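Note that the structure is predicted; figures quoted are calculated from it, not measured. Quick note on labels: first sequence line is chain A, next is B, and so on, each numbered from 1.
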Number of protein chains: 2
Amino acid sequence: MQYKEGKEKFIKTWGELGTNWGINKTMGQIHGLLLISTSEVTTDDIMKELHISRGNVNMNLRSLVEWELIHKIEKPGDRKDYYKAEKDIWTVFRQIIKKRKEKELHPMINLLEDVSAIEAKDEKSAEFLKMMNELSLFSNKADKTLDNLVSSRANILVSTYMKFTR
Amino acid sequence: MQYKEGKEKFIKTWGELGTNWGINKTMGQIHGLLLISTSEVTTDDIMKELHISRGNVNMNLRSLVEWELIHKIEKPGDRKDYYKAEKDIWTVFRQIIKKRKEKELHPMINLLEDVSAIEAKDEKSAEFLKMMNELSLFSNKADKTLDNLVSSRANILVSTYMKFTR
DNA sequence: ACAATTGTTCAAATAATAATGGATTTATGC
DNA sequence: GCATAAATCCATTATTATTTGAACAATTGT
């Protein structure tokens with residue numbers, strides 16, 4: 001396989017993967033492109049490479065920066081913006097977990113707390129409360145577990161471990 | 001808050017959550033409805049409750065059965081199909097992990113293996129291979145970790161643990 | 001101050017995804 | 001085996017999400 005083919009396959013697949021992680025296809029493709037770039041890239045580089053419009057690139061770059069998956073680099077004496085990806089995979093993973101926790105887990109935890117306020121006056125509401133309680137226990141446990149994963153030095157531990165288990 | 005309101009909020013939120021987990025909105029809502037039902041439900045029950053068409057219910061019930069998040073129940077002397085949800089949250093979670101692993105992680109692992117076949121003949125391809133290797137290490141580690149999570153008796157352990165950490 | 005370059009916004013167009021509802025198939029009781 | 005009820009399929013329609021591109025704003029060098 002040639003480099004070019006591999007690159008294209010990777011970008012395509014990375015984009016598809018993104019759609020399952022709260023990252024849309026183009027956003028994923030841009031991220032994939034930056035991940036394998038040896039140098040910083042500009043909006044025009046991306047437009048040319050992925051055949052997408054300036055507006056699209058701009059919006060998705062903003063999202064990626066917001067997710068802290070890429071970094072903007074301003075060069076003195078150059079009015080272009082340059083971007084480079086966070087290349088530490090573990091950090092990328094943690095960033096995504098962090099974002100998804102905010103977007104998904106927390107609203108659910110809040111909801112479960114809210115709806116626990118109903119009265120258990122019959123079988124239906126009793127069953128409902130029972131399920132809400134189980135979901136609460138689970139969600140809160142998951143929240144804590146993910147916090148550990150994200151905030152801890154697990155980074156180093158896993159990176160080291162990985163070297164021995166490939 | 002009344003039961004009815006709580007129920008509606010839960011179903012709505014569960015549906016929205018689903019969209020982030022490879023489960024579409026309606027599929028999530030049906031799952032939510034079954035999760036809090038005290039008895040087995042039929043297609044007509046769901047149509048009435050969620051105001052959606054028979055075809056839609058049918059398609060999504062099939063997906064839910066395929067994901068093993070709900071079970072079909074056939075009653076002798078009754079030609080209707082009944083459904084009930086898997087109510088053990090840990091099992092639900094494991095089922096979703098299992099499905100997503102197949103759908104997302106495995107294609108990625110395969111891709112990474114494929115593209116590792118390119119030659120490292122210049123800086124770009126060397127960098128590319130380096131990143132593919134890091135992603136491989138990470139993906140394979142994740143795969144194994146999730147396997148443990150899904151297949152092991154962690155079920156019992158976590159359920160027990162959860163009782164003490166709420 | 002002006003021209004040139006780059007970045008940003010957003011309404012409209014397009015594409016992707018999901019839902020409908022009628023046609024068809026399947027299963028069951030009589 | 002026939003009538004009927006339920007399930008399934010799927011072409012069409014509706015909805016939602018994404019992309020475009022042109023207008024506008026910001027920045028910098030001259």
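- Between the side chain of A:Asn140 and the backbone N or O of A:Ser136, at least one donor-acceptor pair lies under 3.5 Å.
- Applying the 6.0 Å contact sphere to CD of B:Glu123 captures no more than 12 heavy atoms from other residues, nucleotides or ligands.
- Both the sub-6.0 Å distance and the 45° axial angle are satisfied by B:Lys75 relative to the ring of B:Tyr82.
- The CG-P distance, from A:Asp78 to D:dT27, rounds to 15 Å in whole Å.
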I'd like a table of donor-acceptor pairs (distance under 3.5 Å, sequence neighbours excluded) in which one partner is a side-chain atom from residues 103-112 of chain A, with atom names and distances.
| residue | atom | partner | partner atom | Å |
| --- | --- | --- | --- | --- |
| A:Glu104 | OE1 | A:Arg100 | NH2 | 3.2 |
| A:Glu104 | OE1 | B:Trp21 | NE1 | 2.8 |
| A:Glu104 | OE2 | A:Arg100 | NE | 2.7 |
| A:Glu104 | OE2 | A:Arg100 | NH2 | 2.8 |
| A:His106 | NE2 | A:Lys101 | NZ | 3.4 |
| A:His106 | NE2 | A:Asp143 | OD1 | 3.2 |
| A:Asn110 | ND2 | A:His106 | O | 3.3 |

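- Look at NZ on B:Lys75: it is 14 Å from P on C:dG29, rounded to the nearest Å.
- The nucleotide whose nearest atom lies closest to any side-chain atom of A:Asn56 is, among C:dA19, D:dT20, D:dA7, D:dT20.
- The stretch residues 26-48 of chain A touches DNA chain D through A:Thr26, each having a heavy atom under 4.0 angstrom from the strand.
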N/O to N/O distances under 3.5 Å, protein versus nucleotides 3-5 of chain D:
| residue | atom | partner | partner atom | Å |
| --- | --- | --- | --- | --- |
| D:dT4 | O2 | B:Arg79 | NH1 | 2.8 |
| D:dA5 | O4' | B:Arg79 | NH1 | 3.0 |
| D:dA5 | N3 | B:Arg79 | NH1 | 3.0 |

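- Listed pair B:Asn58 / D:dA7 fails the phosphate criterion, with no side-chain N or O lying under 4.0 Å from OP1 or OP2.
- Whole-Å rounding puts the A:Glu74 CD to D:dT27 C1' distance at 11 Å.
- For the pair B:Asn148 (side chain) and B:Thr145 (backbone), a donor-acceptor distance under 3.5 Å is absent.
- One can place CG of B:Asp81 at 19 Å from P of C:dT25, the figure rounded to the nearest angstrom.
- A heavy-atom distance below 4.5 Å is found between the side chains of B:Ile36 and A:Met132.
- Side-chain contact check for B:Asn60 and B:Ser63: no donor-acceptor pair (N or O, by modelled atom type) lies under 3.5 Å.
- If you check D:dT8, C:dT20, D:dG21 against the side chain of A:Ser53, the one that comes closest is D:dG21.
- Results of the side-chain contact (heavy atoms from CB on, under 4.5 Å) test with B:Tyr83 over B:Val65, B:Val57, B:Ile30 single out B:Val65 as the only residue that passes.
- Proximity of a side-chain donor or acceptor of A:Lys124 to a complementary backbone N or O of B:Ser37 within less than 3.5 Å is not detected.
- Nearest nucleotide to the side chain of A:Asn60, out of C:dT20, D:dT19, D:dA7: D:dT19.
- Annotation: side chain to side chain donor-acceptor pair (under 3.5 Å) contacts of B:Asp114 (sequence neighbours excluded): none.
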Please write out each protein N/O paired with an N/O of nucleotides 11-16 of chain C under 3.5 Å, distance rounded to 0.1 Å.
none

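- As judged by a 4.0 angstrom heavy-atom cut-off over every strand, B:Asn24 is placed among residues touching the sugar-phosphate backbone only.
- Note: CG (B:Leu61) to P (C:dA19) measures 13 Å, nearest angstrom.
- Taking atom CZ of B:Arg54 as the reference point, atom C1' of D:dT8 lies 11 Å away to the nearest angstrom.
- B:Met59 belongs to no hydrophobic cluster with other residues, because no ILVMFWY side-chain heavy atom falls under 4.5 Å from its own, directly or through intermediates.
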